[in-house]
Student: 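Please find one structure pasted underneath; my questions will follow.
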Amino acid sequence: MFRSQEKLTIMHKKGNIPKLGKETIKGDLSGTLMYHAKIKGFGGDVKMIYKNYSDYGNIIINGETNTTAKMNMRGHMYGTAKVTDRKGNLLATIKYDELQIIHGVDGGGGYWVQLAGKEPEFVGWNEIDRPDREEEIIEGEDDSE
């Protein structure tokens, strides 16, 4: 999913107002990701809807990974994404409803992940390997020992 979000242009603009709007990008192999950010109350609401989205391999994503946050950049995500193979076999379901947004990024709570044939498991937000957060992790390290 990180690669799909890298393709979005509106989402990565500086400031909050320029991030408002709609755009749709195509997967490298199939499908689309639709981004729609709008003002809602004293904050914003971002819908990200995957339809048969695939960038590589045998993986297809369908569902929503949405975010709502107040002007103080605190909020939560909501929505469910289903991951299937090209034959339609369900591989995993990911529920975002308990992921907290702090300072505009994930910062608490976590995801409910259910692999095919398994019970759902809670995965904390800080348990995910995040290549886009590598700089933050490196900057936070202290090697002055």
Student: Which is it for Thr67 and Asp45 under the side-chain contact (heavy atoms from CB on, under 4.5 Å) test, yes or no, and what are the steps along the way?
Tutor: CA-CA 6 Å; Thr67 304; Asp45 190 65; over 6 Å; no

Student: Within a radius of less than 6.0 Å around NZ of Lys51, do more than 12 heavy atoms belonging to other residues, nucleotides or ligands occur?
Tutor: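 No - once you tally the heavy atoms of other residues, nucleotides and ligands closer than 6.0 Å, there are 12 at most.
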
Student: Are there more than 12 heavy atoms of other residues, nucleotides or ligands under 6.0 Å from atom CD1 of Ile39?
Tutor: no

Student: Grouping I, L, V, M, F, W and Y whenever their side-chain heavy atoms are under 4.5 Å apart, do Ile10 and Leu20 come out in a common cluster?
Tutor: no

Student: Using 0.5 Å steps for rounding, measure from the CD atom of Glu127 to the CZ atom of Phe122.
Tutor: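 These two atoms lie 8.0 Å from each other.
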
Student: Can you find a side-chain donor-acceptor pair between Trp112 and Glu98 that sits under 3.5 Å?
Tutor: yes

Student: As an exercise, state the distance from CG of Leu91 to CG of Leu115, rounded to the nearest 0.5 Å.
Tutor: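 These two atoms lie 9.0 Å from each other.
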
Student: Measuring only between side-chain heavy atoms, which start at C-beta, is Lys82 closer than 4.5 Å to Leu90?
Tutor: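 Touching, per the 4.5 Å side-chain cut-off.
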
Student: Arg86 side chain to Gly57 main-chain N or O, any donor-acceptor pair under 3.5 Å?
Tutor: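 Present.
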
Student: Please examine the side chains of His76 and Leu99, heavy atoms only from C-beta on, and report whether any two atoms are closer than 4.5 Å.
Tutor: no

Student: Do Asp55 and Ser4 come close enough that some side-chain heavy atom pair is under 4.5 Å?
Tutor: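 Yes, side chains in contact.
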
Student: Please say yes or no: joined through hydrophobic side-chain contacts below 4.5 Å, possibly via intermediate residues, are Ile102 and Tyr111 part of one cluster?
Tutor: no

Student: Answer yes or no: is there a side-chain heavy-atom contact under 4.5 Å between Tyr96 and Asn66?
Tutor: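 Tyr96 does not reach Asn66 side chain to side chain.
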
Student: Atom OG1 of Thr84 and atom CD1 of Ile59: how far apart are they, to the nearest 0.5 Å?
Tutor: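 Going from OG1 on Thr84 over to CD1 on Ile59, the span is 8.0 Å.
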
Student: State, yes or no, whether a side-chain contact exists between Lys22 and His36 at a heavy-atom distance under 4.5 Å.
Tutor: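 Touching, per the 4.5 Å side-chain cut-off.
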
Student: If you apply the rule side-chain contact (heavy atoms from CB on, under 4.5 Å), what do you find for Trp125 with Ile101, and how did you get there?
Tutor: CA-CA 10 Å; Trp125 72 276; Ile101 301 300; over 6 Å; no

Student: Measure the OG1-NZ distance between Thr68 and Lys47 for me, rounded to the nearest 0.5 Å.
Tutor: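 It is 8.5 Å, given to the nearest 0.5 Å.
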
Student: Which residues pass the salt bridge (charged side-chain N to carboxylate O under 4.0 Å, His left out) test with Lys95, not counting sequence neighbours?
Tutor: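 Salt bridge (charged side-chain N to carboxylate O under 4.0 Å, His left out) list for Lys95, sorted by chain: empty.
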
Student: State the CG-CE distance between Asn16 and Met73, to the nearest 0.5 angstrom.
Tutor: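 That separation rounds to 6.0 Å.
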
Student: Mind telling me whether Tyr53 and Tyr50 have parallel, tilted or perpendicular rings, with 30° and 60° as the class edges?
Tutor: perpendicular

Student: Just how far is it from atom CG of Asn62 to atom OG1 of Thr93, taken to the nearest 0.5 Å?
Tutor: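 Output value for this atom pair is 11.0 Å.
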
Student: Indicate whether the side chain of Thr9 and that of Glu23 have a donor and an acceptor atom separated by less than 3.5 Å.
Tutor: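 The answer is yes; a qualifying pair exists.
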
Student: Taking side chain as C-beta onward, heavy atoms only, is Asp97 less than 4.5 Å from Met77?
Tutor: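 Side-chain contact under 4.5 Å: no.
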
Student: Would you mind writing out the side-chain donor-acceptor pairs for residues 25-34 within the sub-3.5 Å range, not counting sequence neighbours?
Tutor:
| from | atom 1 | to | atom 2 | distance (Å) |
| --- | --- | --- | --- | --- |
| Asp28 | OD1 | Arg3 | NH2 | 3.3 |
| Asp28 | OD1 | Lys7 | NZ | 2.7 |
| Asp28 | OD2 | Arg3 | NE | 3.3 |
| Asp28 | OD2 | Arg3 | NH2 | 2.5 |
| Ser30 | OG | Asn52 | O | 2.9 |

Student: Begin with the C-alpha distance, continue with both residues' side-chain angles, and end with the deciding distance and a verdict on side-chain contact (heavy atoms from CB on, under 4.5 Å) for Met48 and Leu8.
Tutor: CA-CA 11 Å; Met48 296 180 68; Leu8 293 168; 3.6 Å; yes

Student: Under the criterion side-chain contact (heavy atoms from CB on, under 4.5 Å), I'd like the reasoning laid out for Val83 against Ile60: C-alpha separation, chi angles, the key distance, then a yes or no.
Tutor: CA-CA 6 Å; Val83 181; Ile60 296 176; over 6 Å; no

Student: Indicate yes or no: at least one non-hydrogen side-chain atom of Lys19 is less than 4.5 angstrom from one of Lys14.
Tutor: no

